[in-house]
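Just so you know, ligand 1 is whichever comes first in the structure, and atom 1 is the first atom listed for that ligand.
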Amino acid sequence: MPEHDDATDVPWARARALARDAGRPLPRLHRELHDALGHALAEPLTALTDLPPFDSSAMDGWAVAGPGPWRLRAGQALAGTEPEPLADGVAVGIATGAQLPPGRAAVLRREHGRVESATGLLVDRTATLPEPGRDVRKRGQECQVGEPLLPAGTTVTPAVLGLAAAAGYDRLVVHRAPTVELLVLGDELLDSGSPRGGRVRDALSPMLAPWLRGGAEVIGRRRIPDAAEPLHEALRDSAADVVITTGSTAAGPVDFLHATLAELGARLLVDSVAVRPGHPMLLAELPRAADGRVRHLVGLPGNPLAAVAGTVTLAAPLLDALGGRAEAEFQQATAAADLRGHPRNTSLVPVELRSGAAAPLPFGGPAMLRGLALADGFAAVPPGGLRTGDAVRVIALPHSRA
Ligand SMILES: Nc1nc2c(c(=O)[nH]1)N[C@H]1C(S)=C(S)[C@@H](COP(=O)(O)OP(=O)(O)OC[C@H]3O[C@@H](n4cnc5c(N)ncnc54)[C@H](O)[C@@H]3O)O[C@H]1N2
Ligand code: MOO
């Protein structure tokens with residue numbers, strides 16, 4: 001079957017592109033700000049107001065008009081009020097953020113002014129005339145109404161929520177986040193305590209679940225026994241847009257994934273990638289959900305670092321595409337040391353980034369997480385490797401949400 005051959009040992013960049021192309025952005029929806037976190041904007045965020053919306057004081061002090069000394073007007077210009085115009089030679093106390101009186105008012109900081117006890121007049125202790133504009137936040141200096149602030153595809157972070165609120169939004173138009181079910185395979189896995197009796201701790205559930213929550217809605221997470229029937233039922237019945245399995249991708253005696261996908265009539269889009277670690281990772285289109293929705297499966301290898309390689313190679317690009325999220329960009333760096341490569345495959349090496357230099361971390365073997373735990377990302381090392389000082393692309397680890 002030519003389709004199968006094309007899907008085997010896929011070059012790393014092509015595997016990422018295939019995963020991205022497999023997903024079409026999910027429908028758009030209106031979300032209250034507090035429910036929009038983590039979603040991607042479905043349309044650009046444009047300013048609904050000038051920012052700042054009015055000229056305001058950047059400092060506590062006095063608003064002054066014309067040259068001093070100034071007669072003090074009764075009362076204060078406080079934040080949240082609209083002051084009257086000031087006549088020349090008059091000043092009024094003003095708070096940071098308060099709207100300036102209309103006209104050519106300037107601001108004199110509290111520490112630059114003194115009220116003379118004899119005359120009651122305000123004088124400038126620095127003897128420099130406060131120019132109009134100094135210590136003033138001018139209306140529209142950050143943005144003007146209608147100005148584009150962020151492009152569609154931007155992930156709604158806490159900072160984006162703050163900007164959207166400042167710019168006048170109550171609701172945002174975002175894409176629906178893909179739903180994900182995480183199925184962890186392996187009868188040797190323990191959920192608590194120290195490894196014992198030939199068994200090891202499940203290291204993938206605690207790591208993958210928060211990463212997936214960064215770009216998806218995790219609707220289920222469970223362990224599946226190493227047997228064909230439970231895996232078959234779980235894949236057949238899952239309501240998730242994307243089912244993510246861990247383990248069972250290779251050719252071991254209890255590796256049921258390929259056979260189960262074949263039984264279900266799933267279409268393999270990627271069936272191993274020319275990358276180390278993570279070689280046996282796979283991507284398949286599952287039979288549609290009962291309501292007609294397209295469903296995908298990402299099969300991550302069981303070796304923990306290989307599973308993370310599969311997450312950045314296949315799961316993240318697919319989830320980003322479904323969620324309408326802009327493509328993640330590589331960071332450009334230089335190799336801080338020689339980065340050993342595989343003869344034919346891309347190598348993903350956990351690295352630490354310091355001032356633009358990518359230093360490989362020890363303990364980056366396929367079954368290890370010690371290097372990854374200190375890493376800023378994976379260096380994508382082309383076949384043959386790189387020498388110290390060579391340019392290298394670094395792919396960030398997924399965003400996480402607790
Ligand atoms: N004959 C071959 N054997 C293997 C090949 C191959 O091409 N031919 N590929 C190797 C590569 S590369 C990888 S990666 C692994 C992939 O294995 P599976 O995806 O089938 O995973 P398992 O066999 O279930 O487990 C492998 C390894 O990972 C541990 N594991 C599994 N799940 C977890 C978890 N949730 N937390 C921690 N550790 C986990 C498991 O105990 C095994 O040690 O296959 C190679 N073999
Ligand atoms: O390539 Mo496997 O993925 O050795 O770890």
Side-chain angles (χ1 to χ4, degrees), residues 4 7-12 15-16 180-212 218 220-228 230-231 234-235 243-262 268 270-284 297-315 340-350 363-373 375 378-381 383 395:
H4 180 86
T8 306
D9 225 18
V10 179
W12 184 64
R16 296 185 71 237
V180 163
E181 187 169 8
L182 178 61
L183 305 177
V184 175
L185 283 60
D187 287 348
E188 76 281 24
L189 301 175
L190 294 165
D191 293 324
S192 62
S194 293
R196 55 196 178 273
R199 303 178 71 190
V200 296
R201 278 291 294 275
D202 169 16
L204 292 178
S205 302
M207 177 167 62
L208 296 179
W211 269 337
L212 294 171
V218 179
R221 164 185 150 176
R222 61 200 166 102
R223 296 267 305 283
I224 302 284
D226 279 331
L231 181 60
L235 297 188
V243 181
I244 296 186
T245 55
T246 66
S248 198
T249 57
V254 292
D255 291 342
F256 294 109
L257 187 56
H258 279 92
T260 306
L261 290 173
L268 279 168
V270 174
D271 186 17
S272 71
V273 178
V275 69
R276 302 287 155 160
H279 182 258
M281 64 177 78
L282 58 87
L283 170 65
L297 170 123
V298 175
L300 301 176
N303 276 337
L305 195 67
V308 181
T311 304
V312 300
T313 304
L314 297 178
R340 211 144 47 89
H342 184 274
R344 289 175 311 282
N345 294 345
T346 300
S347 303
L348 294 179
V349 179
F363 308 107
M368 297 179 180
L369 292 174
R370 195 170 159 187
L372 185 77
F378 281 115
V381 179
I395 183 164

Participant: Listing request: all side chain to side chain donor-acceptor pair (under 3.5 Å) pairs with a residue in residues 201-210, at least two apart in sequence or in separate chains.
Facilitator: Asp202-Ser205

Participant: Number the atoms of ligand 2 from 1 as they appear, then name those within less than 4.0 Å of a heavy atom of His279, with their elements.
Facilitator: 1 (O), 3 (O)

Participant: With a 3.5 Å distance limit and no angle check, can you tell me whether Ser248 reaches the backbone of Phe256 through a side-chain donor-acceptor pair?
Facilitator: yes

Participant: Give the residue, atom name and distance (to 0.1 Å) of the protein heavy atom nearest atom 5 (O) of ligand 2.
Facilitator: Pro366 CB, 2.8 Å

Participant: List in chain and number order the residues that pass side chain to side chain donor-acceptor pair (under 3.5 Å) with Arg199, two or more places apart in sequence or in another chain; answer none if no residue qualifies.
Facilitator: none

Participant: With no hydrogens and no angle check, is any side-chain donor or acceptor of Arg223 less than 3.5 Å from a backbone partner on Leu189?
Facilitator: yes

Participant: Which atom names give the shortest non-hydrogen contact between Trp211 and Leu372, and what distance separates them?
Facilitator: CH2-CD2, 4.1 Å

Participant: Do me a favour and list the nearest non-hydrogen protein atom to atom 3 (O) of ligand 2 with residue, atom name and distance?
Facilitator: Gly278 N, 2.4 Å

Participant: Hey, could you give me the CG/CG distance between Leu283 and Leu314, rounded to the nearest 0.5 Å?
Facilitator: 5.5 Å

Participant: side-chain contact (heavy atoms from CB on, under 4.5 Å) with Leu282: which of Val298, Thr245, Leu268, Val270?
Facilitator: Leu268

Participant: My understanding is that only residues two or more places apart in sequence, or in another chain, count here; which of them pass side chain to side chain donor-acceptor pair (under 3.5 Å) with Arg276?
Facilitator: none

Participant: State the atoms of ligand 2, each with its element, that fall below the 4.0 Å cut-off from a heavy-atom position in Ala306.
Facilitator: 3 (O), 5 (O)

Participant: For ligand 2, is any non-hydrogen atom under 4.0 Å from Pro301's backbone (N, CA, C, O), its side chain (CB onward), both, or neither?
Facilitator: neither

Participant: Could you check ligand 1 for N or O atoms lying under 3.5 Å from protein N or O atoms and list the pairs with distances?
Facilitator:
from, atom 1, to, atom 2, distance (Å)
ligand 1, 19 (O), Ser248, N, 3.4
ligand 1, 19 (O), Thr249, N, 3.0
ligand 1, 19 (O), Thr249, OG1, 2.5
ligand 1, 19 (O), Gly302, N, 2.9
ligand 1, 20 (O), Ser248, N, 3.2
ligand 1, 20 (O), Thr249, N, 3.0
ligand 1, 20 (O), Ala250, N, 2.9
ligand 1, 20 (O), Asp255, OD2, 3.2
ligand 1, 21 (O), Ser248, N, 3.4
ligand 1, 21 (O), Gly302, N, 3.3
ligand 1, 24 (O), Ser248, N, 3.4
ligand 1, 28 (O), Gly302, O, 3.2
ligand 1, 28 (O), Asn303, N, 3.2
ligand 1, 28 (O), Asn303, OD1, 3.4
ligand 1, 30 (N), Gly302, O, 3.2
ligand 1, 35 (N), Asp202, OD1, 2.8
ligand 1, 36 (N), Ala203, N, 2.9
ligand 1, 41 (O), Glu188, OE2, 2.7

